[in-house]
Amino acid sequence: MASALSERRLLSSRTECAHMARYDASKVEPKWRAVWEDRASFAAGDDPDKPKYYVLEMFPYPSGRIHMGHVRNYAMGDVVARVKRAQGFDVLHPMGWDAFGMPAENAAMERKTHPGTWTYANIDAMRGQLKLMGLSLDWSREFATCDPEYYAQQQSMFIDFLDAGLLTRRNATVNWDPVDMTVLANEQVIDGKGWRSGAVVEKRDLTQWFFRITDVADELLSAIDTLEGWPEKVRTMQRNWIGKSEGLQMRFDIAENDLLPDGEQLEVYTTRPDTLYGMGFAAISPDHPLAKALDSKVPGLDAFRAECKAMGTSEEALEKAEKKGFDTGLQVRHPFTDELFPVYVANFILMDYGTGAVFGCAAHDQRDLDFARKYGLKVLPVVAPEGDAAFTVEAEAYTGPGMMINSDFLNGMEIEAAKQTVADRIAERGMGEKKTNYRLRDWGISRQRYWGCPIPVVHCESCGIVPEKKENLPVRLPDDVSFDKPGNPLERHETWKNVPCPACGKDATRETDTMDTFVDSSWYFARFCSPRAGTPTERDKVDRWLPVDQYIGGIEHAILHLLYSRFFARAMAKTGHLSEASIEPFKALFTQGMVTHETYQSEDGKWLSPDEVERTGNGATANGKPVTVGPIIKMSKSKRNTVDPEAIIAGYGADCARWFMLSDSPPERDVEWTEAGVEGAARHIQRVWRLTEEALDRLPAHGAPAPDIDGAALDLRKVTHKTIKAATEDIAAFRFNKAVARLYELTNAVAGFKGTGAAADWALREALETLAKLMAPMTPHLAEECWATLGCDGILADTAWPEAEDALTVDDLVTLPIQINGKRRAEIQVAADASKDDVEAIALAEPEVVKFLDGATPKKIIVVPGRIVNVVV
RNA sequence: GCGGGCGUAGUCCAACGGUAGAGACAGAGGACUUAAAAUCCUUCCAGUGUGGGUUCGAUCCCCACCGCCCGCACCA
């Protein structure tokens, strides 16, 4: 067998045809993919004898083509899946499509097609591309969220959630594009105009559905502590997003006036009740009901409110904007001193946080201080830093710790005690109570869109809101719709919209809003456990597979998607679709970095794509004209700095793309795609192949018993087993770049192996088989080809992960550096297990050390076994 | 403004508080070749952003500053 192969190899190298002189990925890769597919190698088994492992990468939006970000994401997930599988786990590694959303509708408008047609065509294209990557996916579980079978179950759960009180309906202000007749997300509003239509965006109050996520805000917050497998960064982001603050909600009496009936109160929220004696004014949001009520009664207020509105509500503009207020003429009475304070409408008060009203304490809040200085309002410090009785405030508010002053019964207290005391006193008087507030808002899911999951309710004049009967689900999207007119086609689809009431049978109308696409992606991980079930989940399946053991995706989903999924898992547990054990759906999370590339601009400022550009030393040209090389940024269509994965796979092979994606940069960091880097990866793949083939002649049979091993053969075995140990640990810890480096080391050791004889041949086979096994998670096609070439049993995808022999991972002799006063002066060779005393003795006998000591007695000798000896003189 | 991350050779990156260098890319020289490609061998280069501190010893821990990146952001 071996000789026949080698004969062919010799022949081929001479004739450069027939057998591979070079490794040809375009031939090898499809072959192994077909083998895996035929054998259903990657189907999850529901095998009760094996421990389960669920690895999931965030499923893609079917935009039409995969991009390098996908390649990186799925390459990483596949490494995890393949290693776990080889380690004996029953692995669930599924793939699907996050398929609803606006791009499909936009495409429908532009191309006069149906969003579904466009979406499914894209899915077909992208599935084909993904399959080229050779991922160990269980394709039998594939679904798209726009499949009626999927959204039927989502609608069913919507009804369960409705019954369980997890949903509510209320008015909310939205960005409304009057031309497109649709709601816009904040990101779609650019300079106050709709991104597509360019029309000035209006604020509109619409009745919308909300998931009551704020009801579990505290639970979502406290459970973050249990997410030990999540990056600290993401946990912090979620905590900040939920934004818990504890304070006092209290009511001020409004002094008698001509504008309002007597006895009106102003309710405010504060986290600093201790500063109540430092109050200088009260302020309300321009959108506060009181401001609205006074709008026409107080001259000039309408103009001020209009001015605030015109300023917009977008982040940074607000930050820089000047604090402005308008005195309403109203006054509120201090609950303890009866002092009266003016009530301002102020542009920096947010209506949707707290009560939309505050009391201002200028001395201890910078915004309040700026405001008070501008309008000549009272500034009275009530907290003094320790030992500063004559404390005053100038331009900077004091927010640090200290002792209460100027505060009657609070004087001398610490801040915390004062907070407590004020809260108690206010509560005693029935003027307020402690309240916890959250930055987190309820999750509004109504979208005035066609291409989404229909909200399965009917509006009946007699019965009100009536959920669709479950046996009638799904409420299907009608196919006969057109996008030639603006607005939601469901609104004008008379036969779809007008239906009898499910309760009373009278004429009624369907809800025409569809659900936010974040709903679709909030439970797909559970659906993968039984993707064809007639219920949203099957309890035995989700109980076995969930939680997801390893979730991998981009940091851009650190907040919304993950928070919504955490909420959904709780809601599903509450309605019986999941067990309580799965309310945290993702046990471990990994957020990978982006794929970046240089940018190129021609002389006239046009962006150029990498394949139009030729790099020349430090510069670059396109068609002979000079090109400006710009910053290295995330691949994006607008900057044209993308590289097409399919072209790379066609040119270099999937293994090469995968290997490169895992090399060099730590996976959580950005990686720069470079042509040189890819070529390096390709060279390595060729090298592994060549080393394998060239060794065939001398190798003993697969599984041959080991002869006595020593010398060079033993050294190689040590490298092999050290590599097994290190690479396995590196992969488990998501240090793929280091695992790759280990494999280069093993490859270099094989390439430089000089051993001869039976022991050497045996060790060489072990090294090559191990190299194939260890590379398999990253370059699976190459690894299978090497495995087969080496004449091994079965296929590598079914072969167990190698185990390191501990005895071979440690050296007998170690080289220890000797430091004298922290500087390296000599080194010694000692037995790895030498005692501290022995090492010390050897070190002190070392000529260099003797010379340095020059007869003196060392003050101290530090021996770190296996590491270093430091002699302090 | 608040919170977090990063800063090591020309580049990407490694180094339980212990010899600054594992690996890759790029560069240089050489071998093989009619030549090129491919391959192989050899090899130059830095002392860890800056300044302090802790320590026998700091790339690593602490403090301050500089630079870059990310998240949140008038949240009462």
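Residue numbers start from 1 in every chain, and the chains themselves are labelled A, B, ... in the order their sequence lines are given, proteins ahead of strands.
Side-chain atoms of A/Pro666 lie closest to B/C13 of the nucleotides B/A22, B/A76, B/C13. Of all nucleotides listed (B/C72, B/A76, B/C74), B/C72 comes nearest to the side chain of A/Ile559. Picking from B/G18, B/G71, B/A76 the nucleotide with the shortest atom distance to the side chain of A/Met237 gives B/G71. Of the candidates B/A38, B/C13, B/C74, B/A38 carries the atom nearest the A/Arg22 side chain, counting heavy atoms from C-beta on. Taking every side-chain heavy atom of A/Asn737 into account, B/C13 is the closest of B/U19, B/C13, B/G23. Residue A/Thr236 places its side chain closer to B/G3 than to any other of B/A26, B/G3, B/A76.
OP1 or OP2 of B/C40 has at least one side-chain nitrogen or oxygen of A/Arg687 nearer than 4.0 Å. Here A/Arg439 does not reach the OP1 or OP2 of B/A76: none of its side-chain N or O atoms lies under 4.0 Å away. Distances shown here put every side-chain N or O of A/Asn437 at or beyond 4.0 Å from the OP1 or OP2 atom of B/C75. A close approach under 4.0 Å does not occur between any side-chain nitrogen or oxygen of A/Arg272 and OP1 or OP2 of B/C75. Taking only side-chain nitrogens and oxygens, A/Arg683 comes nearer than 4.0 Å to OP1 or OP2 of B/A26. In this structure, A/Lys738 does not reach the B/A14 phosphate: none of its side-chain N or O atoms is under 4.0 Å from OP1 or OP2.
Atom NE2 of A/His364 is separated from atom P of B/C74 by 23 Å (rounded to the nearest Å). For the pair A/Leu369 CG and B/C74 P, the interatomic distance rounds to 19 Å; values are reported in whole Å. A/His684 places its NE2 atom 11 Å from the P atom of B/C40, with the value rounded to the nearest Å. One interatomic measurement links the two molecules: NZ of A/Lys233 to C1' of B/C69, which rounds to 8 Å at whole-angstrom precision.
Nucleotide B/G51 forms a Watson-Crick or G-U wobble pair with B/C63, both donor-acceptor distances falling under 3.5 Å. Pairing for B/G1 goes to B/C72, judged as Watson-Crick or G-U wobble with the two contacts each under 3.5 Å. Nucleotide B/A14 has no partner under the Watson-Crick or G-U criteria, as no pair reaches both atom distances under 3.5 Å. Base pairing of B/G57 is not made with any nucleotide, judged by Watson-Crick or G-U wobble geometry with both donor-acceptor distances under 3.5 Å. Across all strands shown, B/U19 forms no Watson-Crick or G-U wobble pair with both distances under 3.5 Å. Across all strands shown, B/A26 remains unpaired; no Watson-Crick or G-U wobble contact has both distances below 3.5 Å. Applying the Watson-Crick and G-U wobble criteria (two distances, each under 3.5 Å), B/C45 pairs with nothing in any strand. Searching all strands for a Watson-Crick or G-U wobble partner of B/C32 with both distances below 3.5 Å returns nothing.
More than 12 heavy atoms of other residues, nucleotides or ligands sit less than 6.0 Å from atom NZ of A/Lys378.
The residue A/Arg742 sits apart from the nucleic acid: no heavy atom pair falls under 4.0 Å. Backbone-only engagement by A/Tyr744 is indicated by non-hydrogen atom pairs under 4.0 Å involving sugar-phosphate atoms exclusively. Using a 4.0 Å heavy-atom cutoff across all strands shown, A/Thr674 reaches no nucleic acid atom at all.
Taking the six-membered ring where tryptophan is involved, the planes of A/Trp659 and A/His684 are essentially parallel, since the angle between them stays under 30° and well short of 60°.
Ionic pairing of A/Arg683 and A/Glu679 is not present here: no N-O contact between side-chain nitrogen and carboxylate oxygen is shorter than 4.0 angstrom. Ion pairing between A/Arg239 and A/Asp225 holds under the 4.0 Å rule for side-chain N and carboxylate O. A salt bridge does not link A/Arg272 to A/Asp365: none of the charged side-chain nitrogens sits closer than 4.0 Å to a carboxylate oxygen.
Counting distance only, with no hydrogens placed and no angle test, the side-chain atoms of A/Asp664 and the base atoms of B/G23 include a donor-acceptor pair under 3.5 Å. For A/Asn870 against B/C56, a side-chain N or O and a base N or O form a donor-acceptor pair under 3.5 Å. Between the side chain of A/Lys323 and the base of B/C74 there is at least one donor-acceptor pair of N/O atoms closer than 3.5 Å.
A/Phe518 is listed as a side-chain neighbour of A/Trp443, based on a closest heavy-atom distance under 4.5 Å.
Atom CG of A/Leu716 sits about 9.5 Å away from atom NE2 of A/His721, to the nearest 0.5 Å.
Nucleotides B/C6 and B/C56 place their P atoms 28 Å apart, quoted to the nearest Å.
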